[in-house]
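Structure first, commentary second.
To find a chain, count down the sequence lines: A is the first, B the second, and so on, and within it residues start at 1. The model shown is predicted, which means the values in this text are computed figures rather than measured ones.
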Amino acid sequence: MDITQREEKGVVVFSLNGRIDNDGATKMEQTLQSAAEAGKSKMVLDLSTVQYINSAGLRVLAEFLTVNREKGGELYLSAVNSRVKRVFQIVGFDNFFRMFDSTVDAVNAF
Amino acid sequence: MMVYDKMIIAADFAELHKVSEFIEGVLDRADSHARSQMVLAIHELCLNIVEHAYAGAPGSIELEVFLEDGQFELQVHDDGPHAYFGTPEIVPPDPNDYPEGGWGLYILHQVMDNIKYRRLEAGNEWRLLKNLE
């Protein structure tokens with residue numbers, strides 16, 4: 001999985017491209033933690049080109065979001081496609097994560 | 001017309017992409033959402049087999065698919081020395097509590113219509129059923 005990151009209005013936007021399987025989840029975790037360690041707390045995950053997420057990916061997102069919230073940070077998801085959204089619904093996480101139709105909307109929500 | 005297919009892979013994380021490809025291929029005419037959910041669920045089961053049934057021991061996973069009139073059945077066998085659990089307690093994941101394990105099997109139970117599991121003398125057997133219509 002490829003991850004690129006940029007900053008918009010003080011919000012770090014991560015664009016993920018590929019599958020969030022076990023390897024993808026590990027890479028995502030490392031990337032998010034690096035940003036958190038660099039003092040970033042407002043983050044958006046652009047999932048527009050992610051077609052697959054497994055339980056390892058869900059676990060990384062849940063853990064990171066919880067820890068980040070405890071430190072006053074927030075992580076929003078944007079452009080989540082219907083397949084991935086369905087996985088969030090299956091495990092009952094669709095209300096735990098704030099999801100936005102577009103990355104612009106997510107950035108402006110901070 | 002009944003479709004039957006079978007695949008045997010090594011019980012190795014690096015081999016599990018073949019499971020996804022196998023299920024994608026068998027279900028190539030199914031609704032894409034149903035297909036992607038089943039690929040995810042079955043992949044999660046195989047992850048569990050590698051991680052818990054074999055727990056580092058070498059071995060293989062055998063998958064047999066029967067597809068007829070929209071009824072999908074998958075039988076999964078392994079020779080893993082460990083059982084998963086005596087009585088599976090399937091509870092929804094709590095996003096505020098993220099222990100190792102359990103989420104994949106929850107997904108499996110949510111996606112499939114019926115799941116039968118039994119511990120064999122040496123190994124484990126799963127039978128998964130899904131109505132695709």
Hey, could you give me the [atom1]/[atom2] distance between [X] and [Y], rounded to the nearest 0.5 Å?
| X | Y | atom1 | atom2 | value |
| --- | --- | --- | --- | --- |
| D21(A) | H43(B) | CG | NE2 | 7.0 Å |
| Q37(B) | Q89(A) | CD | CD | 9.0 Å |
| R35(B) | R83(A) | CZ | CZ | 6.5 Å |

Practice problem: Pick one of side chain, backbone, both or neither for R86(A), based on which atoms fall under 4.5 Å of a heavy atom in chain B. | Solution: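 When you check distances to chain B, only side chain atoms of R86(A) fall under 4.5 Å.
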Practice problem: Name the region of R19(A), side chain, backbone, both or neither, that has any atom closer than 4.5 Å to a heavy atom of chain B. | Solution: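 For R19(A), side-chain heavy atoms alone lie under 4.5 Å from chain B.
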Side-chain heavy atoms under 4.5 angstrom apart, residues restricted to Ile, Leu, Val, Met, Phe, Trp, Tyr: same cluster for [X] and [Y]?
| X | Y | value |
| --- | --- | --- |
| L77(A) | I90(A) | yes |
| F13(B) | L108(B) | yes |
| L47(A) | V87(A) | yes |
| Y76(A) | M43(A) | no |
| V12(A) | L45(A) | yes |

Just wondering, do [Y] and [X] contact through their side chains at under 4.5 Å, heavy atoms?
| X | Y | result |
| --- | --- | --- |
| L16(B) | N22(A) | no |
| Q51(A) | S36(B) | no |
| Y106(B) | V91(A) | yes |

What are the two closest non-hydrogen atoms of [X] and [Y], and how far apart are they?
| X | Y | answer |
| --- | --- | --- |
| L58(A) | W103(B) | C-CZ3, 3.6 Å |
| S55(A) | G104(B) | CB-N, 3.9 Å |
| L40(B) | I53(A) | CD1-O, 3.4 Å |

Quiz item: In this structure, are over 12 heavy atoms from other groups packed under 6.0 Å from K40(A) atom NZ?
Solution: no
Practice problem: Mark yes when over 12 heavy atoms from residues, nucleotides or ligands other than D101(A) sit less than 6.0 Å from its CG; otherwise mark no. | Solution: no
Quiz item: Which bit of S32(B) is near chain A, if near means a heavy-atom gap under 4.5 Å: side chain, backbone, both or neither?
Solution: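 For S32(B), the contact with chain A is made by backbone and side chain together.
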